[in-house]
Structure formats: structure tokens, C-alpha cells
Amino acid sequence: MKVTVFGSGYVGLVTGVCLAEVGNDVLCVDVDQHKIDNLVQGIIPIYEPGLDELVKNNQQAGRLRFSTDIKQAVEHGLLQFIAVGTPPDEDGSADLSYVLAVAKSIAENMQEYRVIVNKSTVPVGTADKVAAQIAKILTERGLDIPFDIVSNPEFLKEGSAIVDFMKPDRIIVGTHNEQTASILRELYAPFNRKTDRVVVMDIRSAELTKYAANAMLATKISFMNELSNLAERLGADIEQVRQGIGTDTRIGFNFIYAGCGYGGSCFPKDVKALERTAHEIGYHAELLTAVERVNDRQKQVLFTKINAHFSANLKGKRFALWGLAFKPNTDDMRAAPSRVLIDALTVAGAFVQAFDPEAMKEAKRIYPDNENLILCSSPESTLENADALVIVTEWKNFWSPNFELIKNKLSSPVIFDGRNLYDPAQMQSLGFSYYAIGRGLNQHTV
Ligand SMILES: NC(=O)c1ccc[n+]([C@@H]2O[C@H](COP(=O)([O-])OP(=O)(O)OC[C@H]3O[C@@H](n4cnc5c(N)ncnc54)[C@H](O)[C@@H]3O)[C@@H](O)[C@H]2O)c1
């Protein structure tokens, strides 16, 4: 099939390359000329395992092309995917300006029937807005060209985006029209060979399904973080509690780790946007408000522990920080807990010596001139003259470090572990002051 994808970010690029990999003729479009110039040369703007090779192979095979030419883009695909950003507006609602800009471009250039497939995460009712915008422009152009809108939210996870797209848990297709449902079924057939994973539903339900999934996952995390704060005050260990409840198949082990808060481009903004949608229709979504508040507070937990340990005297202190990305296997630092900690420590006059396996370039971009932030080339080099080690992201290569080396390098043997990577008893026997999340008393609770 001929497919156009508007937006060459995480979702657009992965969608484009995976659809090309199974044989479709894909044109990826972006307004960012620099990004497209790089992609044409095979330079990938993001870190995502496996993406690099797939892009190059499909470019060479002639199934994947990149362009900024909107006219060509609208001419190319029967299917016109929208995969542009929907960042939070001032009030937390989703900013639809990029989505509507794409709708406008499609309407201004459309010559024949098109299926507009929205992959961006958008509030309920957006498909109606996109349809109205396209109809209005077509009327202004004096044309009566048929088109259909499909809501096809994306559930890929950064860090395993290719695998998630290739082997999806489900493919949500929101449409009122059986003909478009069958076009989408045909497109997704190669990803669907074992069992049929396409779930066809009405458009509004499809739009809400995406928010429901993210809000549920964020709720699980905030719930465990809330309990971790209780565990600290009660002398219980949240890790043992996690094992204890995860075995219940109704609860399960996924997404029940306590930590220093969730980040990324999706959970924070999607929980806020759903809360805002509720507010706009006069409903107070109390649970969503709480989920967000608990998370905001959790992002402060590490700083609170550090500040208490050093008796609120952080000026001139040095902290080795492991992990900048909001989670492992990505370079994405959007809404990352590391940023809240870096800001708090550096405002307090401390120095942060940070390392991340993939997010160093992104950190340089975000902090071009924070003199108190030193970006280091290895986990070991962050330890030079440092007063404590702080772990923020659970990258695999932080799981079994050389504790002797850490102890020898640090000016005092203190570890603040925002991801509960180590065994408190082992840390104690090695002579560390070890602060984790929700693991018993004497943890400098928030
Ligand atoms: N990142 C994820 O893990 C993920 C997962 C599921 C869903 N989503 C949703 O998918 C959407 C896209 O997210 P993302 O992370 O890929 O965003 P992104 O910021 O990485 O990429 C968006 C791209 O769209 C481009 N763009 C903006 N306006 C454009 C236009 N008019 N025409 C063409 N390109 C344009 C931007 O230049 C940018 O390259 C969002 O709604 C997000 O919530 C993201």
C-alpha cells in the first residue's frame, strides 16, 4: 500500500519504517528540514534499538523515503497517517495545533479519496475537529472529495518500539465505516498473523482507549509510590510487598515497582490531558488528580533524602548521578525525574557529575549552560571527588557495579537509589549508607 506518515519522531518514524519493512511504499514527512536532511543520509535523530538498521535497509530497498514536500506527501498515500506531537498546553490540555496543521495541509492538497489515520494521542472529539477542518477547506476549494478519518492510537514503548510495533498486543481501529476498517485490517495483516489483534470500535472509544491505558499504568506506579512512602514510615519493605502482591494474578507483576516517579513524553502529559478533558465537561476526575500529585511529589523524594542526609548543606557538594533518560533504552529526557533532581541540587549550590548510556547529547541540549552540571564519559568518572552516588534510571549496566571501586572513589560511602537496584542488607555489609525507596525505617522520608 502507499502510505504517508506526517511526523518523523518516535511514533512516526517507527510506524513508517515498520510499515515499509513488511513491503509498503512509505513516504515520511516532517516540517523539520534538518531532521529530514539527516534521515535522507541515514542519520537517525533518536536512539531506539534496531531502528537504525531498519531505516537503512528499507531506504536501500526503495520502500522508505523522507521529504518535506507536503504536496508530494498528500499525493503519495491513500493512507495519510498523522503522528505529530500533542504537547501539553498551558492548562494541561493537549495542544492540537500540530494535528490540525497536518489536517489543513492534507485538505489543501487533496485531489482524491484519502483515509486520514490519526496515530497521535488526542482527546476525545479530535477526529470530529479534523473532519470539520478538512470539510471546510475542501468546500472553500469548491471540491467534494470523499475522505474518512480513523483513530488508530499507538501503544509502542520507547526502548522497545520496533518490537512493540511488529508484535502489538492490540491494534485499535476507531472508525464508523466498514470499508476503512477493512483497509486498516489489510495494512496491519502482516503484524497480525498469529492471532487477530485488531479491535474495531467507534472513534470516540478509540480515542479514549489510549488515555485509559496510559492513565491506568500511571495509576499503578503512583499507587506503589504512595505505598512506598507508607512503608518507609511503617518500617516495611516495599520490595517484599511488591513480591507479595504481584503473585496475585488479578494484580500481576507489571508496573508495580516503586521508584522516583514516572516521566517521559506520554504518562505525565496524557494524565493531565485526560484530567483536563474531564474538567472541560464539568467532571472532577479525582483519581487522575491524585495520580499526578503523587508523581510530582515522588520526583522530589531523592532530593529530600539527600538534603536530609547532608543536613541541608549542599553548597559545593558533588553528586555522581547515574541515569538521565526517563527510563532505560531511550535517550528521551522529557519530564524525566533526573531533571527535577538536577534542578534542585544545582539550585542548592551542589555539583552534579552525570552519566547516561544514551542521553548525553540530549542532556547537553537541555542544559547548554548549567555550570554546576558536569557530563561525564563513564559511570566510574562521575565518582571522582563525589560525596555520594545517586541512581535515577535503572539501566542494566548499573545493576551490578564494582562496589569496592564506588566506595574507594566516593568521599563518603553513600548511595541514594531511586530505583531499588541493590539489596539493603548487602549494602550495609559493604559499609554503605544506602537510601532506597520505601525500604524500611531511617530512610529520611518525605
Ligand atoms: N513517544 C512515544 O512513546 C509515544 C507512544 C505512543 C503515542 N505517542 C503519541 O504520538 C504522538 C507523537 O509523539 P512522538 O513522541 O513521536 O513526538 P515527536 O516530538 O518525537 O515527533 C513529532 C514530529 O512531528 C513533526 N511535526 C510537527 N508538525 C508537523 C507537521 N505539520 N507536519 C509534519 N511533521 C510535523 C515534528 O517536527 C516532530 O519531528 C504524540 O501524540 C504522542 O503522545 C507517543
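Reckoned from all heavy atoms, side chains included, excluding hydrogens, waters and symmetry mates. Whatever order the structure lists ligands and atoms in, that order sets their numbers, starting from 1.
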Engineer: Centroid-to-centroid, F6 to F81, below 6.0 Å?
Structural biologist: no
Engineer: I want to know if ligand 1 touches Y10 in the polar sense, i.e. an N/O pair below 3.5 angstrom.
Structural biologist: yes
Engineer: Relative to atom 23 (C) of ligand 1, which among L13, D95, D30 owns the nearest non-hydrogen atom?
Structural biologist: D30
Engineer: For ligand 1, note which part of S120 has a heavy atom under 4.0 Å away: side chain, backbone, both or neither.
Structural biologist: both
Engineer: Between the candidates C266, A213, A103, which shows the shortest non-hydrogen contact distance to atom 4 (C) of ligand 1?
Structural biologist: C266
Engineer: What's the shortest distance from atom 24 (O) of ligand 1 to any protein heavy atom, and which residue and atom give it?
Structural biologist: G7 CA, 3.4 Å
Engineer: Please write down residue, atom name and distance for the protein heavy atom closest to atom 2 (C) of ligand 1.
Structural biologist: E158 OE2, 3.4 Å
Engineer: Output the list of atoms in ligand 1 that are nearer than 4.0 Å to some heavy atom of V11, sorted by atom number.
Structural biologist: 4 (C), 5 (C), 6 (C), 7 (C), 8 (N), 10 (O), 16 (O), 44 (C)
Engineer: Between R334 and E158, does any NZ, NE, NH1 or NH2 come within less than 4.0 Å of an OD or OE carboxylate oxygen?
Structural biologist: yes
Engineer: Inspect the contact between R242 and E239 and indicate whether a charged nitrogen and a carboxylate oxygen are less than 4.0 angstrom apart.
Structural biologist: yes
Engineer: Which ligand 1 atoms, with their elements, are less than 4.0 angstrom from a heavy-atom of S265?
Structural biologist: 1 (N)
Engineer: Among protein heavy atoms, which lies nearest atom 11 (C) of ligand 1, and at what distance?
Structural biologist: V84 O, 3.3 Å
Engineer: Taking D169 first and then R197, would you say they form a salt bridge - that is, a charged N and a carboxylate O separated by under 4.0 Å?
Structural biologist: no
Engineer: Which residue and atom name correspond to the protein heavy atom nearest atom 5 (C) of ligand 1, and how close is it?
Structural biologist: L156 O, 3.6 Å
Engineer: Could you list the residues that satisfy side chain to side chain donor-acceptor pair (under 3.5 Å) with E380, not counting sequence neighbours?
Structural biologist: none
Engineer: Return the residue, atom name and 0.1 Å-rounded distance of the protein heavy atom closest to atom 32 (N) of ligand 1.
Structural biologist: V31 CG1, 3.6 Å
Engineer: Looking at side-chain heavy atoms only, is the closest gap between C18 and I162 below 4.5 Å?
Structural biologist: yes
Engineer: Under 4.0 Å from a heavy atom of V102: which atoms of ligand 1 are those, numbered in the order shown and with their elements?
Structural biologist: 30 (C), 31 (N), 32 (N)
Engineer: Relative to ligand 1, is K35 under 4.0 angstrom through side chain, backbone, both or neither, heavy atoms considered?
Structural biologist: side chain
Engineer: Salt-bridged, R293 to E226, with N to O below 4.0 Å?
Structural biologist: no
Engineer: Between R419 and Y257, is NZ or CZ placed under 6.0 angstrom from the six-membered ring centre and within 45° of the ring axis?
Structural biologist: no
Engineer: Could you list which atoms of ligand 1 come closer than 4.0 Å to a heavy atom of E154?
Structural biologist: 6 (C), 7 (C)
Engineer: Show me which atoms of ligand 1 lie under 4.0 Å from any heavy atom of Y98.
Structural biologist: 27 (C), 28 (N)
Engineer: Which option, T86, V14, I36, owns the non-hydrogen atom nearest atom 40 (C) of ligand 1?
Structural biologist: T86
Engineer: Can you tell me which residue and heavy atom of the protein come closest to atom 21 (O) of ligand 1, and the distance to 0.1 Å?
Structural biologist: G9 CA, 3.2 Å
Engineer: Starting from atom 43 (O) of ligand 1, which protein heavy atom do you reach first, and at what distance in Å?
Structural biologist: K269 NZ, 2.6 Å
Engineer: When you check the gap from the basic side-chain N to the acidic O, do R339 and D343 get nearer than 4.0 Å?
Structural biologist: no
Engineer: Give yes or no for whether the N/O distance cutoff of 3.5 Å, strictly under, is met between T121 and ligand 1.
Structural biologist: yes
Engineer: Assess whether a salt bridge exists between R63 and D25, defined as any Lys/Arg side-chain N lying under 4.0 Å from an Asp/Glu carboxylate O.
Structural biologist: no
Engineer: For a salt bridge (charged side-chain N to carboxylate O under 4.0 Å, His left out) with R276, tell me which candidate from D270, D91, D89 qualifies.
Structural biologist: D91
Engineer: Can you report which non-hydrogen protein atom sits closest to atom 22 (C) of ligand 1, along with the distance?
Structural biologist: G85 N, 3.7 Å
Engineer: Of the backbone atoms (N, CA, C, O) and the side-chain heavy atoms from C-beta on, which set of A83 has a member under 4.0 Å from an atom of ligand 1: side chain, backbone, both, or neither?
Structural biologist: backbone
Engineer: Report the residues that fulfil salt bridge (Lys or Arg N to Asp or Glu O under 4.0 Å) with D148, sequence neighbours left out, ordered by chain and then residue number.
Structural biologist: none
Engineer: With backbone taken as N, CA, C and O and side chain as the heavy atoms from C-beta onward, which portion of R334 lies under 4.0 Å from ligand 1: side chain, backbone, both, or neither?
Structural biologist: side chain
Engineer: Salt bridge check: are E112 and R114 linked by an N-O gap of less than 4.0 Å?
Structural biologist: yes
